[in-house]
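Read through the structure below, which is laid out as structure tokens, and then see the notes.
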Amino acid sequence: MTARARSHRRAKPQQARVAVILSTALLAIALLIVASLSGGYRINLTPSEPLGLWRIVPLSRPAAVNDLVFICPPATADMLEARARGYLRSGSCPGGVAPLIKTVIAIKGQHVEIGASVSVDGRGVSSSGLAQSDGRGRRLAPFRSGIVPPGFVFLHSGFPGSYDSRYFGPLPASGILGLAKEVLTYAP
């Protein structure tokens, strides 16, 4: 047998393994997409929380501090500008944006103070430092401090580049789709 024939024989099993791996990866991607399009599931592609498949669990009570939620932001001028700047992804929420995945850190009646970082009722919030500008050097204005009004929640993510209530303020709790529960995720 020639060297070329031996090389060709070894290549066939390697090609078969590559084909199986690629087929499996494509099937997994297709399943993730189908799961995200069906009700109750979302794919998170932002670094605010682990990447991957999440389940939306209906919330049958008012939102509470430390709830990790999926929420649709309202279609306000600020949110439309955030979408234009690339802070929000395209999706099915009002204004054509995707739901946000954030942690509730304050609810109605709580005082939120925004300075170099955020505090709620006088207690500092970890990983809440404010950026003066975004990754492209555009100015980021912090939201003013104040009391969270009834029917609203103040949201946060510990990811340093997160676009959350530090910048856009409290959001209507009526936009909450449900609690966010990890299904198949990866934290880089």
Side-chain angles (χ1 to χ4, degrees), residues 17-59 63-76 78-106 117-118 125-138 140 142-143 153-173 175-188:
R17 279 192 292 269
V18 168
V20 168
I21 291 170
L22 287 175
S23 297
T24 303
L26 289 173
L27 178 61
I29 290 169
L31 288 173
L32 284 173
I33 290 170
V34 168
S36 73
L37 294 176
S38 65
Y41 290 90
R42 299 283 313 160
I43 294 177
N44 179 44
L45 299 173
T46 68
S48 293
E49 294 296 333
L51 308 174
L53 184 63
W54 291 73
R55 187 166 61 102
I56 301 171
V57 177
L59 189 59
V65 172
N66 294 323
D67 281 347
L68 182 62
V69 298
F70 277 106
I71 186 168
C72 279
T76 62
D78 288 341
M79 289 299 169
L80 295 175
E81 180 182 350
R83 174 69 183 110
R85 284 184 166 205
Y87 304 158
L88 306 175
R89 297 187 186 280
S90 296
S92 59
C93 291
V97 300
L100 306 175
I101 180 171
K102 304 289 181 200
T103 300
V104 175
I105 62 167
S117 62
V118 177
V125 175
S126 66
S127 302
S128 66
L130 274 77
Q132 300 301 312
S133 60
D134 66 13
R136 293 187 180 169
R138 297 172 292 196
L140 284 172
F143 189 77
V153 292
F154 198 91
L155 305 166
H156 175 67
S157 168
F159 178 70
S162 178
Y163 187 68
D164 55 34
S165 289
R166 291 175 280 186
Y167 306 103
F168 55 70
L171 291 185
I176 294 175
L177 302 174
L179 297 172
K181 299 293 181 186
E182 293 180 65
V183 175
L184 180 62
T185 62
Y186 167 72

So, for [X] and [Y], which heavy atoms are closest and what is the spacing to 0.1 Å?
X: V153; Y: A173; value: CG1-CB, 4.2 Å
X: S127; Y: R166; value: O-NH1, 3.8 Å
X: R89; Y: L45; value: NH2-O, 3.0 Å
X: P142; Y: Y167; value: CA-CD2, 4.3 Å
X: G96; Y: R83; value: O-NE, 4.2 Å
X: S162; Y: S48; value: OG-OG, 3.6 Å

What's the separation between atom [atom1] in [X] and atom [atom2] in [Y], rounded to the nearest 0.5 Å?
X: S165; Y: I71; atom1: OG; atom2: CD1; result: 8.0 Å
X: W54; Y: Y41; atom1: CH2; atom2: OH; result: 14.0 Å
X: F159; Y: K102; atom1: CZ; atom2: NZ; result: 9.5 Å
X: T103; Y: L68; atom1: OG1; atom2: CG; result: 4.5 Å
X: E49; Y: S157; atom1: CD; atom2: OG; result: 5.0 Å
X: L177; Y: I101; atom1: CG; atom2: CD1; result: 11.0 Å

Ring center gap for F168 and F143 short of 6.0 angstrom: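 Between F168 and F143, the centre distance exceeds or equals 6.0 Å.
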Pair D78, T76: side-chain N/O donor-acceptor within cut-off below 3.5 Å: no
Would you say the side chain of [Y] lies within less than 4.5 Å of the side chain of [X], judging by non-hydrogen atoms?
X: V125; Y: H156; answer: yes
X: P74; Y: P172; answer: yes
X: V104; Y: N66; answer: no
X: L130; Y: V118; answer: yes
X: L59; Y: I176; answer: yes

T185 vs N44, side-chain contact (heavy atoms from CB on, under 4.5 Å): CA-CA, chis, key distance, verdict: CA-CA 9 Å; T185 62; N44 179 44; over 6 Å; no
Name of the residue among L100, V97, L140, D164 meeting side chain to side chain contact (heavy atoms under 4.5 Å, CB included) with Y87: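 Among L100, V97, L140, D164, the one meeting side chain to side chain contact (heavy atoms under 4.5 Å, CB included) with Y87 is L140.
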Short side-chain to backbone donor-acceptor contact, R138 and R85, under 3.5 Å: yes
